[in-house]
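Quick notes on the structure that follows.
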Amino acid sequence: MRYHFNEIEAKWQKYWSQNQTFKADNNSDKPKYYVLDMFPYPSGAGLHVGHPLGYIATDIYARYMRHKGYNVLHPMGYDSFGLPAEQYAIQTGQHPAKTTEENINTYRRQLDQIGFSFDWSREVRTSDSNYYKWTQWIFIQLFESYYCNDAKQARPVSELEEVFNAEGNYRINAAADENIETFTAEEWKNYSEKEKQEILAKYRLTYLSETEVNWCPDLGTVLANDEIVNGVSERGGHPVVRKKMKQWSMRITAYAQRLLDGLDKIDWPQPLKDSQINWIGRSEGAMVKFQISSSKFQNSEEFSPLGVMPEGQRGEKGWDIDVFTTRPDTIFGVSFMTLAPEHELVSKITTDEYKDAVEKYIEATSKRSERDRMADVKTISGQFTGAYAMHPFTGKKIPVWIGDYVLASYGTGAVMAVPCGDQRDYDFAKHFGIEIPNIFQDIDISENACEDKTAVIANSDFISGMPAKKAIKRIIYELEQKGIGKGKINYRLRDAIFSRQRYWGEPFPVYYKDGMPQMIDLEHLPLTLPEVEKYLPTADGKPPLGNAQVWAWDSVENRVVSNEEIDNKTVFPLELNTMPGWAGSAWYFNRYMDADNSDEFAGKEALEYWKDVDLYLGGSEHATGHLLYSRFWQKFMFDKGLVPVDEYAKKLINQGMILGTSAFVYRWEYNNEVYTDEPKKTIFVSKNLMEDIIKERSSIAEANKEKKVEQVDLLGLSDSGENQDAKWSHFTPIHADVSFVNASNELDIEAFKNWRPEYKDAQFVLEDGKYIVGREVEKMSKSKYNVVNPDDICADYGADTLRLYEMFLGPLEQAKPWNTAGITGVHGFLKKMWKLYHGGNDGAFFVSDQEPTKEELKTLHKTIKKVDEDIANFSFNTSVSSFMIAVNELTSQKCNKRAILEPLAVIVSPYAPHIAEELWGELGNKESISTADFPIFEEKYLVESTKNYPISFNGKFRFTMELSLDLSKEEIEKEVLVNERVQEQLAGRIPKKVIVVPGKIVNIVG
RNA sequence: GCCUUGAUGGCGGAAUUGGUAGACGCGCUGGAUUCAAAAUCCAGUUCUGGCAACAGAGUGUGGGUUCGAUUCCCACUCAAGGUACCA
């Protein structure tokens, strides 16, 4: 019987599905183990061989843990809201739900044929209203919560109101370290309901605010910074402008410190932790308040009396500029201040004299996106405002400038400029001829600023002579004494904008009464997406939901009604924005624990049982998106007592990308000037030929250094005369679809010609009658025509071969190129393994019940040991090697013993489950192999009595000697020195020293 | 610039705490089988010299520690990923 993988695989996939073999139980005496993959967005292109890599690794782990006696949860689902389905809907008018459904079906078919042990009964889809009902509910919980800095956790907003009623917000503000205007209990009670709501919004964990965003008018949506390249949208290249919009935001900044601290207790890759640490960007320093003079006061050098700005000189209330600095010790080096052009004080403090210039400058900078400004480091630009601040310690007048090197979004959007201690300030000062006072002892600043923190401070009054650390402490103390500053920890992390002007996302459970947002009660959720005619923004610039006819909330009936009823006093407009892509993925791992629950996002018992993810696997590209937001939501839900742990994934591994091997053909282009009248010819030159030509050309060019080489006919195409004047232009590499190329890089010319009409009549210049393509490793992508489809691999070699080969390619965490040619190796291994069990007549199944030999047991047990270790280290590639070694050895031992082959099937089964199930069945077992225990490694089978010692001379290996392992150091040395070959090597010399490491090596130093 | 990761044959990669570098597979070369091909099997395959035994070199570069370094330390080069006027 031959190894008919297609039949075997179909048979067992059907068996697993019918018997629900991998359904996980929420109640079990076994210990739990939760293995999670990052769920995919179901794109229209389907899976390529890069996608299942991580799923195969987790599937091996899940199956292994089942063999080891764990109750394993291994679920899968779809992150099914997203832009591509919406773009497709805009183009074709098809409802995104429909295309999404179709894509999911394709994904499911593709996943099923690879033989994953997913518990599909727990499937989640973020676009399913039974799921997003709970996403909406979590949003409401965030709205109803604020971050209490005393308790260091989220608390109900109702508690905050109680505090305000009792004592105002003085104490809360002091703890929160926020710039929220203070009020007393009395004042609070006198505020209108609307005023109260506006104040509470400043504390809620999700809130509406005017946010400056990257607005793309053509796409009708807000773009994230990384969706903009060179000032235009990445998708389509449309212009992008900065625009203020009312948006929902998530107060993730409240959790900045806890998100940092939490990293210490989870086993995640250090690079990933580093990028989160970077993203959060904690820096310690101080806030300092600089008072601004009134525009009338312009004349003298200093304000007096020192430190207190006289009434007549001081600017209006609220004109003070707060700055954040990490180097308060350099404050005596301040010679100017710079505000971001967008800073709210700019228009107020600018004097009449400079108004025009400042407006012009702001106009010029607003045209550049923030990212643009940051990318362009070299150009120094700025404008003096005419205003002056007072130095808090010297009373000196400090000119206030604006400059686009200061970013509105970091710190307070203003800096105290210390040109001697900061290179950017230095360059700015040099450029505009501003004074550069030196406040460092024995440091030359004539060329560059001194950013070295070990420099001693000088010329700085009471901190002169102090090292930085001490000076910082002292300055902060003095600032606090004067009441114009304090120590402060600043974070780079910004609150996350949570609104999108798109259709295919979760609707907010929000309607607006008097312009104030109102939440819809849980019992009326889900609030499902309305039907719209067009998926584009409305003519007046509203999001796509603005096209919906039935999108108003009846607050009495508690249901969605037609917009026409808004005139009615109890009917209100619903929110038109939808939630961003990361909303649904920020908590899905909890839903898997109890996916069918319709009363709760997940039941308490299920949450208590599964608790957290033991192993989470996915790409590192989610480091600062999904993996940060989901940690934030988990911490919030933990604070609310909704989940039992505040970090949801104990261990995380980033799988490396599988790269494609692109194929290139080389188009030779004639000089267009010569061929303006001719129909353009397309000639492709075979790779090695092209390389020879290039080489030859450069050597001809070398030989004729002075003469210009213009008329060279290296291809011999000029015989007809028509190409006599052909000038060299160059070779253009063009992607050819990899399916046209065989293993020896030979192009199927006919297939290529039929690919595109413009190649129909192309000419090919061959070598040895073949067209050889060039190859290059790139990201696997449809646009590079280097995508390899797993369907083809499964059909040609089988799912077990695909699974083994993906693991065999290299370490899981490393990026590695795919090359289908190598797949015959692992496929051959499976065939060889099959043969071990089918040594009967005509390849019939045949195993014997004889006692295995010592050698056979040794092979088996060293393999068990290796695979145990490899799986613990996620080193799946080396396991595949050891399977090959085992099968090679057993084959040469002619082993057909049940006592060896039965456990062998079990250890292979996590990797190649179909063939293992089949062999397991043939061995006479009635249950699925997944119920079998993993064989136990026994040391006794590996114990050796002798060792082939490597004998080295001066560290250089020469030959081996077989010696008993019972020998002592001295005995080994004795035996070695009397050996003939050793004597030969020594040639009469007496060794200085003999190093003997029993069981390892002998090294003779002479 | 900063942070992170990496660099080993023609290719993918292996080498547990420093102890025989190149496991395993692909590819390639030769052979068996076959009318032929596929499939299968056997042998060889880091480089240089040599028929061979063997000798020399060798894990990005340069230094160091050590009896012994792919492994540890220092400096550098290159590549990939992340991030960026972060005050």
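Order of the sequence lines fixes the chain letters, A, B, ..., with proteins taken first and strands second; residue numbering starts at 1 for each chain.
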Measure from [atom1] on [X] to [atom2] on [N] and round the result to the nearest Å.
X	N	atom1	atom2	answer
Lys779(A)	G81(B)	NZ	P	10 Å
Trp834(A)	A39(B)	CH2	C1'	17 Å
Gln423(A)	C2(B)	CD	P	14 Å
Phe959(A)	A53(B)	CZ	C1'	15 Å
Asn877(A)	C24(B)	CG	C1'	10 Å
Phe876(A)	G13(B)	CZ	C1'	17 Å
Ile1001(A)	U17(B)	CD1	C1'	15 Å
Phe883(A)	A23(B)	CZ	P	20 Å

Between [options], which one does the side chain of [X] approach most closely?
X	options	value
Asn1003(A)	C24(B), U40(B), G19(B)	G19(B)
Arg492(A)	A87(B), C24(B), A84(B)	A84(B)
Val406(A)	U83(B), C54(B), A87(B)	A87(B)
Pro817(A)	G13(B), C24(B), C3(B)	G13(B)
Pro811(A)	A87(B), C24(B), A14(B)	A14(B)
Thr824(A)	C3(B), C26(B), U83(B)	C26(B)
Ile995(A)	C67(B), A87(B), C24(B)	C67(B)

For residues Tyr805(A) and His827(A), establish whether the separation of their ring centroids is below 6.0 Å.
no
Measure from NZ or CZ of Arg981(A) to the centre of the six-membered ring of Phe959(A), then state whether that distance is under 6.0 Å and the direction lies within 45° of the axis.
yes
Within-4.5 Å side-chain heavy-atom neighbours: Leu967(A) and Lys974(A):
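Leu967(A) vs Lys974(A): side chains apart.
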Please tell me if the side chains of Thr253(A) and Tyr491(A) come closer than 4.5 Å, counting only heavy atoms from C-beta onward.
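No; the side chains remain at least 4.5 Å from each other.
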Look at [X] and [N] and indicate whether a side-chain polar atom (N or O) is within less than 4.0 Å of OP1 or OP2.
X	N	answer
Lys831(A)	U40(B)	yes
Arg958(A)	G56(B)	yes
Gln814(A)	G13(B)	yes

5' priority, RNA chain B, between Lys947(A) and Lys816(A) [closest heavy atom]
Lys816(A)
Whichever of Gly411(A) and Phe957(A) has the more 5' nearest nucleotide on RNA chain B, that residue is Phe957(A)
Answer yes or no: side-chain N or O of Lys1000(A) and base N or O of U17(B) forming a donor-acceptor pair under 3.5 Å.
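Answer is yes: a donor-acceptor pair is held.
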Which label fits G9(B), syn or anti, where anti is any glycosidic angle not within 90° of 0?
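Judged by the O4'-C1' to base torsion, G9(B) sits in syn, the angle falling within 90° of 0.
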Would you kindly say whether Asn490(A) and Ser283(A) are connected by a side-chain donor-acceptor distance under 3.5 Å?
no
